[in-house]
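Structure first, then comments.
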Amino acid sequence: MRTIGRQATEWLAAAATDPRDCKRQWHEESGVAVLDCGRFWDVLSVPEELGALALSALLRIPQAPGPVLADVVARRVGFFLPPDPAGRWVGTDVRYLGHGAWVAVPAPHRASGRLRWLVPPDGAGTLFVPTAVEAALQQALGTLAARAAPRRRCPVCGTRTVGTRLRSGGRSR
């Protein structure tokens, strides 16, 4: 385990402009370093409830997972994906962090303040396959929509949804 942790630390720190400074920051009081996206990986950030359901689905497929970072204060989950210069991810409250963006991360296998690894880096550079993440997010959104149906509100943005309601006797309003 110690070797995997060291490899994960080296892999994650390699994304920093100065990997030694990155590791030093992880040992300071905040325990967090700010790393550049777009070179080794991009990050897809989604609302916590959606991300947790998608992660659950992703962990059920026979494929090694990529890193997943949670911000417990902002209530967001970030999936680490291969760099995509086009960054075509679109959706309500979906944030894609690619080239030119930065992400704050704790050291692998460690929580720091508001940041927690749900799946820490494995040291081998394993990342999620974007199509698998997309499918898992669609499945999670369907689950959230089904849960919200009785409330008649969109699970992501909270706006009222339109739908027919049956009254007793089977007639629609």
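Scanning for side-chain hydrogen bond (donor to acceptor under 3.5 Å, both in side chains) contacts around Asp21 gives Arg24, Gln25, with sequence neighbours left out. With sequence neighbours excluded, the residues that form a side chain to side chain contact (heavy atoms under 4.5 Å, CB included) with Leu118 are Leu55, Val68, Ala70, Val77. Every residue two or more places apart in sequence or in another chain that forms a side-chain hydrogen bond (donor to acceptor under 3.5 Å, both in side chains) with Arg75 is listed here: Glu48. Every residue two or more places apart in sequence or in another chain that forms a side chain to side chain contact (heavy atoms under 4.5 Å, CB included) with Glu134 is listed here: Trp89, Gln138. Glu29 meets the side-chain hydrogen bond (donor to acceptor under 3.5 Å, both in side chains) test with no other residue; sequence neighbours excluded. With sequence neighbours left out, the ring pair (Phe, Tyr, Trp, His ring centres under 6.0 Å) criterion links Trp117 to Phe80. Not counting sequence neighbours, the partners of Ser45 by the side-chain hydrogen bond (donor to acceptor under 3.5 Å, both in side chains) test are Arg76. Checked against side chain to side chain contact (heavy atoms under 4.5 Å, CB included), Pro19 has the following partners two or more places apart in sequence or in another chain: Ala13. Legend: residues meeting side chain to side chain contact (heavy atoms under 4.5 Å, CB included) with Thr126, ordered by chain and number and at least two apart, are Ala64, Asp122, Ala124. Qualifying salt bridge (Lys or Arg N to Asp or Glu O under 4.0 Å) partners for Asp71, counting only residues two or more places apart in sequence or in other chains: Arg114.
Ala136 and Ala54 make their closest contact through CB-O, 3.6 Å (heavy atoms, listed as atom of the first residue, atom of the second, distance). Closest approach of Cys22 and Ala16 over heavy atoms only: CB-CB, 3.6 Å. Across Trp41 and Leu35, no two heavy atoms sit closer than the pair CH2-CB, 3.9 Å. Taking all atoms of both residues into account, the shortest heavy-atom contact from Lys23 to Glu10 is NZ-OE2, 2.8 Å.
Applying the salt bridge (Lys or Arg N to Asp or Glu O under 4.0 Å) rule to pairs touching residues 35-47 yields nothing, sequence neighbours excluded. Residue pairs meeting the ring-ring contact (aromatic ring centres under 6.0 Å, His included) criterion with at least one partner in residues 123-146, sequence neighbours excluded, are Phe79-Phe128.
Thr9 contributes atom OG1, which lies 7.0 Å from atom NE2 of His109 (distance to the nearest 0.5 angstrom). Separation of atoms CG (Leu50) and OG1 (Thr92) is listed at 10.5 Å; rounding is to 0.5 Å.
Proximity of Leu137 to Leu44: side-chain heavy atoms (C-beta onward) are separated by under 4.5 Å at one or more points. A heavy-atom distance below 4.5 Å is found between the side chains of Trp11 and Pro67. Taking the side chain as every heavy atom from C-beta outward, Leu81 and Tyr96 approach each other to under 4.5 Å. Looking at Leu69 and Val43, their side chains never come closer than 4.5 Å, going by heavy atoms from C-beta outward.
Donor-acceptor pairing under 3.5 Å is lacking for the side chains of Arg147 and Thr143.
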